[in-house]
Amino acid sequence: MEFFAHEFGNAEPQHLAAPVNTVEEKWRLLPAFLKVKGLVKQHIDSFNYFINVEIKKIMKANEKITSDADPMWYLKYLNIYVGMPDVEESFNVTRPVCPHECRLRDMTYSAPITVDIEYTRGSQRIIRNALPIGRMPIMLRSSNCVLTGKTPVEFSKLNECPLDPGGYFIVKGQEKVILIQEQLSKNRIIVEQDRKGAVGASVTSSTHEKKSRTNIIVKQGRFYLRHNTLSEDAPIAIIFKAMGVESDQEIVQMIGTEEHVMAAFAPSLEECQKTQIFTQTQALRFIGNKVRRQRMWGGPKKTKMEEARELLASTILTHVPVKEFNFRAKCIYLAVMVRRVILAQGDNKVDDRDYYGNKRLELAGQLLSLLFEDLFKKFNSELKKIADQIIPKQRAAQFDVVKHMRQDQITNGMVNAISTGNWSLKRFKMDRQGVTQVLSRLSYISALGMMTRISSQFEKTRKVSGPRSLQPSQWGMLCPSDTPEGEACGLVKNLALMTHITTDMEDTPIIKLAFNLGVEDVTLLCGEELSYPSVFLVFLNGNILGVIRDHQKLVYTFRLMRRAGFINEFVSISTNLTDRCVYISSDGGRLCRPYIIVKKGHPAVTNKHIEELSQGYRNFEDFLHEGLVEYLDVNEENDCNIALYEHMITKDTTHLEIEPFTLLGVCAGLIPYPHHNQSPRNTYQCAMGKQAMGTIGYNQRNRIDTLMYLLAYPQRPMVKTKTIELIDFEKLPAGQNATVAVMSYSGYDIEDALVLNKASLDRGFGRCLVYKNAKCTLKRYTNQTFDKVMGPMLDAATRKPIWRHSILDADGICSPGEKVENKQVLVNKSMPTVTQTPLEGSTQTGQPQYRDVPITYKGSTDSYIEKVMISSNAEDAFLIKILLRQTRRPEIGDKFSSRHGQKGVCGLIVPQEDMPFCDSGICPDIIMNPHGYPSRMTVGKLIELLAGKAGVLDGRFHYGTAFGGSKVKDVCEDLIRYGYHYQGKDYVTSGITGEPLEAYIYFGPVYYQKLKHMVLDKMHARARGPRAVLTRQPTEGRSRDGGLRLGEMERDCLIGYGASMLLLERLMISSDAFEVDVCGQCGLLGYSAWCHYCRSSCHVSSLRIPYACKLLFQELQSMNIVPRLKLSRYNE
Amino acid sequence: IYITLRPEKERYSKMAAPMRNVDEIRNRVILGEFGVKNVHSTDFPGNYPEYDDTWNQKKFQKNFRIDIIQMDENSMEFDMVGIDAAIANAFRRILLAEVPTMAVEKVFIYNNTSIIQDEILAHRLGLIPIKADPRLFEYRNADDEEGTEIDTIQLQLKVKCTRNPRASKDSSDPSELYINHMVYSRDMKWVPIGNQADVFGEAGIAPVHGDILLAQLRPGQELDIVMHCVKGIGKDHAKFSPVATASYRLLPEITLLQPVKGEMAERLKRCFSPGVIELESIEGTPVAKVVNSRLDTCSREVLRHDDLKNLVKLGRVRDHFIFSVESTGILAPDILVSEAIKVLMAKCRKFLNELDSVEME
């Protein structure tokens, strides 16, 4: 009872007197925040940015196509747009389409991409507007989706659920999510140790054109530059010289003039000296010899020196701009890298790769823009190729490029990438699999949970704990609980409730501002300033901007400007005192979250503001614009002093947390009192909450999914959390409040099994509906034949449809409401036997022959037909979808779980009269064994029961919000008030004997989820059945009606026991016994009592061996190994 | 069986001189802080040397009584005193599971274009209590598809939702816009079979409650359903159970071991349900007195007070069962109890017959 004592606390009176000026209800900022940002908004924001801004930039970067054949010919893109989603009805007639239609008709929810172009035809210059070049799948709820800005009523008219988060695509009728991808940040210097302990610095630089990785490594005290375009590591001093810094003094000045730095760098200079390279030309020649030759077709031949210079300018450290071979900025960057390595060598201050400030999240928009740019470039190069081919050929009609612009390349490229999840980009040599996943619609939570999922690029097989473990910097950004178990543990993460992911933004105004605030341009400096102790380097998105003397002032003014709204709220600025740097970031993919600003020890947000917020006079944006709340990214968070609660504010505090429970994500937010649970339990619940059946959305009955589980009577939980309210889980719940008695009963409750009350099941507890679909298309073939649906076949005698066709309507499709049994036909489809165009000369028979290809129902239990949909798909083929329904009542073996990672299967169903009952006559719905508690330590469940009980008595819902919620003390008071024991333990009478139980029983409501794993889908047994063709052994797996394998370990047991006959029976007779004829003389297999080798039948005897054994012998023979069987009489 | 009604006061007049230890073990269940003591009845013959526990009809008749405390059309509370827990429990179990009622068993769905699935609708229909006296019906054979007047009640549900032509244009209230958009149990109409109309009269059979929502419809949707109600018992399915619940508790008994005065008395009073303990003023100081321990809910709150917990004894009278029967409304609770008794008697008779027949063999 420790926890009760803990909860009640021995609070002293002065402690209870709350500080005068607290902002109560500051959690109200949360719903306001979620309206504008958060959860799936980042997907939508990022996609919006892509189709409205980024796509234009991509077009600008690739705007002109010229031909080698005709210097006069060109094509120039003037503008590019993404339209509203539509569907082509017939040739050139389109009509707007809504997402649900796409889902039902297996189409892609996409919009045309149109361009304005200017090009030449002959000598004419022509401008064409709104020319389609392909189709772009549209993210639901993005700016171009038909759903944006609609009211709930309009949503229902479009068959769409207003609570559905959007943020996914519909491709070929499937809902696909582009998962958030986690990556190491681009263009940032990372100093790290390699496996041998040597320190090195690396930068992955990336621009629109190129992506490359540059390393600075140390070998025997000397610095080298490693890059995969160089065949071997190049001494750093030579690189400096190749970039025009010829004097050793200048190099040293840039790197640093401290004693130990110079000492560390000296060997590198010495090496350069030894190689006798003093000038830029010499250095370039040296590097030119080491460049890996890329096969370049066409283009003027370059000298090795030119090639080296080109390489240094554009490929090494691509992100540092080099204009007209002015390498100044790049030299300084390189010098800073070297300096970092030298400084890190001394006291091992290496960077942490797993630190979230060094991570960037790639969202749908960024991934699609990479893909689109690739496709667009391919499209353009194709056009160029066509132009090169056709222009030289003189023709009657002049070359008109518009006729050669084919839409399908871009369309198919996008659709295939999203539907398969294979992101392969030639440009970046990127080939990623599993980028997209089918949106799991098992429950509302599983769909929502998927939208916040982050997958890491890290290999799953490597056993490194670093990337998997919880990082302190992910506090508040990523959910600490929600990660899968097993191989992906810690690599797949989920966003916390208030996290926002930034999108890219323009950096020119920031540069301008920085210079105005006293940053001195780096290119104007001699280089020695970089290492002055009083001077701080200023970085913008990884590039060195300049130096600043008073960095505090810079940071302060910068933040002031941001709070005043002069610069974007997502620009972050932070100082790194160890590196003596100021980092300004405006790039996309940073994690950030809002905080209340604290000024002079007082939070800027006051009760008045909150009041105005709840009255609707204010929204979240107003809080931002007035400088009451601001976004901090991980780096800036590190630079601030954030108070968790208001009473923790000191004079140094800069920010105040809005609500601590927002550090959890969507799935963990469902758990009541998670702060009382052992942490793995919360993780288990996060995984199980996604398997709980309940409701999917308001449009669930209009959907025809391959598999859908619904609960007949879902309930909202008695003990809810703030998160539950925020994400509308109450409107789409997945579970039921069960009255639970924690006691031992009948012995069928060991190992977490549950005992269920039969009367509860009779009354609808845990009753669920399982929907499955059957689909068929009626295709047209090239030889003018097509699939047909035939009416039911009639029995000759009775003139009634045969049993298999008994549920068919006259049109050959089953009718709604009918009961289907195993092997009955749903659609009586037949297909022409010949579907290919007949060869020239072969005679055309009049009537095509048809063969039956019926769609039959397969299932161990009967289903009912819910509805039949007849439509056409994108290829204009008939599409018939049939929705099948089963209603299931819980049975022994079905899986249930509470919200605390406590799963269990039903072990026994007990009639109500045998159930124990309490004084008020209540019988439990579920009996749970108390042994489930001590080892799991799910104290949260105990409190949930208590709060639930008090809530039931009081007629209200209690809160179990993390780090808050109803206090156990208050809850106990309620129980006492209603005449119950304060610990929730009731006097209970046994229903079997009628006498009281000796123990008081912990008794009350707990929210239980029914999980999708049901025995009906899993039960399997076989006596005889199909066998595999090759080995003649029984097939494997339930779906193939397979046998149950007596495996190696089981075999060992039988051997150990000496049950040889049983072994023989199991392993051979019941499996793949086979009669073979073996020749006793040669030991080879014969056939029909004749040995082919000996050409005799004298010594052939017949014996039984496993077929697999015979197969092995033959396979060995086929590879020139002769296995011989030696036979002897057993009685000799 | 003697059922008497006694005036309220008389029943609780005798109040407690301390009991002998053995008597306490025999007659009381003790509620301790961490568990219940003396839960099992131990008064079988020969167990206690000084007591004669052989069963004897006279003694049983003298001790046994049933007092009806409260009764209305749907619920009833009565005391059953002087009987073993096993028998009392048998009545409870029979009430829950073996007293037959009529409930919808077969649902013939001719048309259901509503949103609600056929199976779920059938399940809902099954759970609706049907006001029909099950004693006037027979059990129907399992293989009987048609049913006859003696074993089947036929009900019909035929509802079609339409738009209300008189609804105002700007209304958004479904109950104004549509007609029949809510299907209630009162829409289930009884279709008499054979001579049922004569036997049961015009409005003889109908759902107990007319306001149970079955389904919601929208214009164009309709339900056309015929139901067969049959006789069954709660063991088979909870829908046949005649009671919402039937349970009992033992009569609480609170004994003050020492006089409790002053502030302690006030606290003691608050530890029990209202009305259990009253304060009496003796020489100016309030003194606690147990007035009506029956009202106590046994929250054992007093055991949390270290100074009080040794001054009281919380017990329950082992053979005093306070029954509470909540009927679903099909039959009156008192009839249910007597039906339950009849079922038990029939079982006993059957058992005796079986014994006889075994003996004959």
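Per chain, numbering begins at 1; letters A, B, ... match sequence-line order.
- Neither the backbone nor the side chain of A/Arg977 comes within contact range of chain B; no heavy atom of the residue lies under 4.5 Å from a heavy atom of that chain.
- For A/Tyr1000 and B/Phe34, the distance between ring centers is not under 6.0 angstrom.
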Show the numbers, then the answer: is there a side-chain hydrogen bond (donor to acceptor under 3.5 Å, both in side chains) between A/Thr887 and B/Gln117?
CA-CA 9 Å; A/Thr887 309; B/Gln117 298 90 348; over 6 Å; no
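- Here the shortest heavy-atom pairing between A/Arg885 and B/Asp118 reads NH1-N, 4.0 Å.
- In this structure, the side chain of A/Gln912 does not engage the main chain of B/Leu96 through any donor-acceptor pair within 3.5 Å.
- Between A/Gly991 and B/Arg93, the shortest heavy-atom contact is O-NH1, 2.9 Å.
- Between B/His123 and A/Tyr713, the two ring planes are tilted [angle within 30° to 60°].
- Neither the backbone nor the side chain of A/Pro911 has a heavy atom closer than 4.5 Å to any heavy atom of chain B.
- Evaluation of the side-chain hydrogen bond (donor to acceptor under 3.5 Å, both in side chains) rule for B/Lys239 yields B/Glu105 as partners, not counting sequence neighbours.
- Contacts with chain A were tallied for B/Ile109, B/Leu303, B/Thr297; B/Thr297 has the most, counting heavy-atom pairs under 4.5 Å.
- A/Leu769 places a side-chain heavy atom less than 4.5 Å from the side chain of B/Ile120.
- The side-chain hydrogen bond (donor to acceptor under 3.5 Å, both in side chains) search around A/Tyr978 returns A/Asp954, not counting sequence neighbours.
- Between A/Tyr987 and B/Leu250, the closest side-chain pair of non-hydrogen atoms falls below 4.5 Å.
- Looking at A/Arg701, only its side chain comes within 4.5 Å of chain B, counting heavy atoms on both sides.
- Under a 3.5 Å cut-off, the side chain of A/Tyr982 and the backbone N or O of B/Arg300 do not form any donor-acceptor pair.
- Each of B/His237, B/Arg249, B/Lys235, B/Glu326 has some count of heavy-atom pairs under 4.5 Å with chain A, and the biggest count is that of B/His237.
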Show your reasoning for whether salt bridge (Lys or Arg N to Asp or Glu O under 4.0 Å) applies to A/Asp919 and B/Arg316.
CA-CA 12 Å; A/Asp919 267 4; B/Arg316 306 191 96 169; 2.7 Å; yes
